[in-house]
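FYI, side chains are in, hydrogens and waters are out, and symmetry mates aren't considered; it's all heavy atoms of this structure. Letters A, B, ... are given to chains in the order of the sequence lines, protein chains preceding strands, and every chain is numbered from 1.
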Amino acid sequence: MCGGFRAADAGTRVRLGGWIHRSRDLGGLLFLDLRDRSGLVQISFDPRWAAPEAIASASSAGAESVVLIEGEVALRPPEGRNPEMPTGEVEVRATSISVVGPAETPAIPVSLGKGEKLASEELRLRYRHLDLRRPELRDNMILRHELYQATRRYLDEHGFLEIETPILTKPTPEGARDYLVPSRVHKGEFYALPQSPQIYKQLLMVAGFDRYFQIARCFRDEDLRADRQPEFTQIDIEASFIEPEDVYRLTEGLIAALFRVAGLSVPETFNRMTYADAMETYGCDRPDLRYDLKIFDATEMVRAAEFGITRSAIEAGGRVRGLRIPGGASFSRKQVDELEAIAKSAGVAGLLRTKRLSGALDGPLAKHLPAGAADSLAIAEGDLCLLAAAPDATANPALDRVRQEVASRLGLAGGANSFVWITDFPLFIRDGASGALGSVHHPFTSPHRDDLARMEQDPENVRALAYDLVLNGTELGGGSIRISDPRVQSRVFSALGISESDAQERFGFLLEGLRSGAPPHGGIAFGFDRIAMMLAGAQSLRDVIAFPKTTAARALFEGAPSAVADADLAELHIRSAN
RNA sequence: GGGGCUGUAGCUCAGCUGGUUAGAGUGCCGGUCUGUCACACCGGAGGUCGCGGGUUCGAUCCCCGUCAGCCCCGCCA
């Protein structure tokens, strides 16, 4: 392998295959950098050891052509060594070369020449076979492979069985849109690609496979982002007779094993935070805890103030909460306006601003505050304080975004990785528009035992046995203890407004399973691609997936999706609307 | 579904207030060159200015539409 040669290999006769990465023709003397998946090595052609025909052949071979080289590994002359290259001590003195895979001039550069920049992402995706040759993407794929292996090794060692579940499954009316697959045999009927193997893994528990895992491909037909692909990979885990604590302990070990692959260490155990605390203190359920910047409540301090904005917000049932920004008093008017614009785009009417200079607070609100307000609100000299007077439902996302923007401006997010388990999610969430209850996680999530009694009267305050693992503001994975008691499952369906017959039609095979002797069970799923992206230091999921889709869910290399012939549709009992 | 940015040579980009022959770097082709490694030097070829329409004496440039890529909101149990 090209990248592995060292000084100790000098004298070895070798036969090497690889791609011409770059060549330097000095006239009578010629150098090639030969590349394979292991790296680069310099091949030298000199009349002292290479026949004239070999030199001519090497000289005319184009970049990215595949060649076979015969020669001998030799130490380079001392002045010709290259400390920048792992193989820089040596070169292969070629005696023959044969061009076995001539290449046309590459459509996009693989090795970047003088002043050259990376081709646009559109072209990189169209010519993916070339882009994947670049060392950066090659290394990402190798890292990904090692993450697969570490996952399998760790879970195998902990007694988990790898079991595959179907790709052709049943459409689910809830959740994300399904990718549908028409049935040829059954006119007018459809399979769906799985959004996750959720129900199958629960049935595997019912079947007695008490520890299951799968590196599972999942499909969701929703709009994309830099960190969202329509098909993606999860590390899917489920086990019987376990509690949340068991899941935490098991998967902290798994995450440690995965981070070790990238040479990173992680804490022995991860911090915990309840959903309620996360929302109260950070305004979101996946806080970035690399920096402090906590949201605080100033409602009591301003309650008595004769100030219209805060007064009406409080009377309407809202609160006044905000952020103290250390040193923020030096922000320009324009900078603060930008922060306010971010908050407004998240739904609040505006931000109240006050800063502490020379001991006192300024701003329109300040004169309505009691003496000593700055101290009791812990606003320090030089701080800027931004307040949102609104119901939590709008203030939380607004303050969350302002918090992130401030952290990015002040460069606060550079510290050590910060893992945190978010626990005690609510079981239900009420849809603002329709007023209907929906599942926060999914309808099979177990309510907290202590909250079972209030399921019917006070469903919005029922906690779920659900948890997410968050790293630096990104959700790495999430899961729950599932419902294993069919009576509890019925009550949850009923709270969700799913009738007995609906439930039977949609999830009948799971309900039958629960009635036939179901162990208590639960699990978790991790976003494999996101973990790979983080560990690779990549900016986009597309850089850790061999053949990704564009933001419009197209595959540019193969041209999918594409139209099909009417005859093919007819066989599937389908007609295009166009 | 909505908003923003981008589209000019194989690749990366520049192109002034709308004006004669659309430029640069790199790659490619030809030549010189015996220790280069982003080799160096000399010469050359290479353009549907994404596509369609409009305004104008005249459009790469202004307007409308459309396609594609990227980013964001909605969406993603």
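Backbone-only contact: Glu121(A) has heavy atoms under 4.0 Å from sugar-phosphate atoms and none from a base. Leu556(A) comes within 4.0 angstrom of the backbone, heavy atoms only, and of no base.
Non-hydrogen atoms lying under 4.0 Å from RNA chain B are contributed by nothing in residues 485-511 of chain A. Residues of residues 51-59 of chain A having a heavy atom closer than 4.0 Å to RNA chain B: none are found.
Applying the side-chain contact (heavy atoms from CB on, under 4.5 Å) test to Ala398(A) and every residue at least two apart in sequence or in another chain returns Ala343(A), Ala346(A), Val348(A).
Taking a pair to require two hydrogen-bonding distances under 3.5 Å in either a Watson-Crick or a G-U wobble arrangement, C41(B) pairs with G31(B). Shown here, C70(B) forms a base pair with G4(B); the pair counts as Watson-Crick or G-U wobble because both key distances fall under 3.5 Å. Figure legend. G47(B) is base-paired to no nucleotide; pairs are counted as Watson-Crick or G-U wobble with both atom distances under 3.5 Å.
Side-chain N/O atoms of Thr550(A) include one lying less than 4.0 angstrom from OP1 or OP2 on G69(B).
Using atom C1' as the reference point in both C72(B) and G65(B), the two lie 24 Å apart (nearest Å). Of the C1' atoms belonging to G23(B) and G15(B), the separation is 7 Å, rounded to the nearest Å. On the P atoms, G47(B) is 31 Å away from U55(B), given to the nearest whole Å. Across the P atoms, C28(B) and C39(B) are found 10 Å apart, a figure rounded to whole Å. Taking atom C1' in both C70(B) and A38(B), the straight-line distance is 28 Å, to the nearest Å. Distance check on atom C1': C64(B) versus C75(B) gives 30 Å, rounded to whole Å. Across the P atoms, G74(B) and G3(B) are found 16 Å apart, a figure rounded to whole Å. One P atom belongs to C49(B), the other to A59(B), and the distance between them is 12 Å to the nearest Å.
Smallest separation of non-hydrogen atoms from Glu89(A) and Ala7(A): OE1-CB, 4.2 Å.
In this structure, the CD atom of Gln404(A) is 12 Å from the P atom of C72(B), given to the nearest Å.
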